[in-house]
Q: 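Dropping the structure in here first, questions after.
Start at 1 with the first residue, then count along the sequence.
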Amino acid sequence: MPTPAAIARRGGRLTTRLEERDDFGLVLLLILATVLTIALGAGALGQFIGVCLSGFTLLFVLHTSDARRRTFRAAVVIVVIAVAGAAVGLLIGAEYGSTAAGIISADYGSTAAGLIGLMLAFAAPVIILRRILVSPTITVRLVLGALAIYLLVGLTYAYLYPVIGVVTNQPFFVQTSSPAAVDYVYFSYVTLTTVGYGDFTASTSIGRMVAVSEALTGQLYLVSAVALLVGNIGRTIVRGARHRDVELGADPDGDEHGPIG
């Protein structure tokens with residue numbers, strides 16, 4: 001049985017890990033867990049777990065990317081409201097079941113899950129990208145941050161596809177008129193990775209064009225942005241050639257193995 005001292009040491013290590021900056025390895029794992037929860041979480045309990053995990057992931061992204069305090073505080077308020085809404089949906093739904101009150105509570109949970117999911121999908125990539133752009137040196141952690149953006153692109157499209165169905169007033173998929181959340185997530189990542197199984201296909205022209213844009217975005221992002229970062233791990237990013245000699249001591253005539261400028 002662990003002693004209190006051992007538990008305290010483990011708690012200290014966990015606290016230290018959570019306080020680190022640019023911990024995009026943990027961000028990557030949290031995003032994977034969030035995607036699975038969003039896809040597989042059914043019912044009020046699943047929505048509540050999804051909201052809590054998505055909210056924590058969003059706040060951790062803001063924290064580890066050193067976002068502005070005002071942005072972080074605003075996100076905390078929104079996450080707290082969303083978790084409270086999901087909790088209300090869980091409690092009322094458990095008590096009233098399929099009655100009118102139970103249906104309304106389910107709407108609370110669904111709205112909260114959608115709100116946090118949209119914030120994570122749309123805001124987190126911008127925040128991570130900003131952190132990558134202002135970092136002075138390319139590190140493995142930044143590469144993991146770029147991969148986290150890749151996963152979030154797939155999540156963004158998974159939220160966009162049902163919106164297309166609503167706007168066009170037609171089923172998004174040819175194969176089914178009542179797709180579940182997991183169907184959109186599955187289709188998005190199959191498209192992003194250009195696997196293309198073909199078991200789900202978009203039924204409208206705009207849906208097909210958006211799917212094409214996701215496939216192109218995914219492939220171009222991997223072979224350009226991610227490849228550039230991987231190929232330059234450890235190098236210093238020089239912003240402005242006039243600082244090269246003074247700050248970095250690089251050869252003004254250019255050094256093949258020098259900093260990126």
Side-chain angles (χ1 to χ4, degrees), residues 10-11 14-15 17-19 23-65 67 71-125 127-128 144 147-163 178-190 192:
R10 292 177 183 175
L14 178 60
T15 301
R17 177 68 184 273
L18 293 176
E19 290 176 349
D23 193 358
F24 294 117
L26 182 55
V27 168
L28 201 63
L29 294 176
L30 287 172
I31 292 172
L32 286 170
T34 300
V35 169
L36 291 176
T37 303
I38 292 174
L40 302 178
L45 179 59
Q47 288 176 347
F48 178 74
I49 295 173
V51 169
C52 292
L53 184 55
S54 299
F56 177 78
T57 302
L58 175 63
L59 294 179
F60 185 75
V61 168
L62 292 171
H63 166 75
T64 201
S65 300
T71 303
F72 186 82
R73 289 171 181 169
V76 169
V77 172
I78 294 173
V79 169
V80 170
I81 293 173
V83 171
V88 169
L90 176 62
L91 295 175
I92 297 179
E95 182 174 353
Y96 293 99
S98 59
T99 63
I103 294 173
I104 294 174
S105 70
D107 290 338
Y108 284 145
S110 179
T111 302
L115 175 64
I116 296 301
L118 285 172
M119 287 189 61
L120 179 62
F122 287 94
I127 295 165
I128 296 174
L144 294 176
L147 294 176
I149 292 176
Y150 181 73
L151 291 181
L152 289 169
V153 168
L155 188 59
T156 301
Y157 275 92
Y159 278 102
L160 180 58
Y161 290 136
V163 173
S178 55
V182 66
D183 296 327
Y184 290 113
V185 173
Y186 167 79
F187 176 76
S188 178
Y189 284 103
V190 166
L192 183 68

Q: Taking Thr37 for the side chain and Ala33 for the main chain, is one N or O donor matched with an acceptor at less than 3.5 Å?
A: yes

Q: Might you point out which heavy atoms bring Tyr159 and Ala121 nearest each other, and give the distance in Å?
A: CD1-CB, 4.1 Å

Q: Quick check: closest heavy atoms across Ser188 and Ala158, and the distance to 0.1 Å?
A: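 Scanning both residues, the minimum pair turns out to be OG-N, 3.6 Å.
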
Q: Start with the C-alpha gap between Leu32 and Leu36, add the side-chain angles, then the distance that decides, and say whether side-chain contact (heavy atoms from CB on, under 4.5 Å) holds.
A: CA-CA 6 Å; Leu32 286 170; Leu36 291 176; 5.6 Å; no

Q: Give a yes or no answer on whether the side chain of Tyr189 reaches the backbone of Leu155 with a donor-acceptor pair at less than 3.5 Å.
A: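 Yes, the answer is positive, given that a donor and an acceptor are paired below the 3.5 Å cut-off.
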
Q: Could you give me the CA-CA distance, side-chain angles and deciding distance for Phe24 and Leu147, then say whether side-chain contact (heavy atoms from CB on, under 4.5 Å) is met?
A: CA-CA 9 Å; Phe24 294 117; Leu147 294 176; over 6 Å; no

Q: Quick check: closest heavy atoms across Leu26 and Phe60, and the distance to 0.1 Å?
A: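 Shortest heavy-atom contact: CD2-CZ, 3.5 Å.
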
Q: By side-chain contact (heavy atoms from CB on, under 4.5 Å), which residues pair with Val153, not counting sequence neighbours?
A: Ile149, Tyr157, Leu192, Thr217

Q: Kindly write out the residues that satisfy side chain to side chain donor-acceptor pair (under 3.5 Å) with Tyr150, not counting sequence neighbours, or none if the list is empty.
A: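 Applying side chain to side chain donor-acceptor pair (under 3.5 Å) to Tyr150 gives none.
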
Q: Work out which heavy atom in Ile127 is nearest to a heavy atom in Ser65; give both atom names and the distance.
A: CG2-CB, 3.6 Å

Q: Nearest 0.5 angstrom please: Leu29 CG to Asp23 CG, how far?
A: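 Leu29 CG to Asp23 CG: 9.0 Å, rounded to 0.5 Å.
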
Q: Counting only N and O atoms by type, is there a donor-acceptor contact under 3.5 Å from the side chain of Thr57 to the main-chain atoms of Ile31?
A: no

Q: To the nearest 0.5 Å, how far apart are CG in Leu59 and CZ in Phe72?
A: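 CZ of Phe72 is found 5.0 Å from CG of Leu59.
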
Q: Report yes or no: do Thr34 and Ser54 form a side-chain donor-acceptor pair below 3.5 Å?
A: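 No, Ser54 and Thr34 have no side-chain donor paired with an acceptor closer than 3.5 Å.
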
Q: Please enumerate all residues that pass ring pair (Phe, Tyr, Trp, His ring centres under 6.0 Å) together with Tyr184, with sequence neighbours excluded.
A: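 Counting only residues at least two positions away or on another chain, Tyr184 forms a ring pair (Phe, Tyr, Trp, His ring centres under 6.0 Å) with Phe173.
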
Q: With Ile128, which of Leu62, Leu152, Leu144 fulfils side-chain contact (heavy atoms from CB on, under 4.5 Å)?
A: Leu152

Q: Among Ile78, Val83, Val76, which residue meets the side-chain contact (heavy atoms from CB on, under 4.5 Å) test with Val80?
A: Val76

Q: After noting the C-alpha distance and the side-chain angles of Thr64 and Val27, does the key distance pass the side-chain contact (heavy atoms from CB on, under 4.5 Å) rule?
A: CA-CA 9 Å; Thr64 201; Val27 168; 3.8 Å; yes

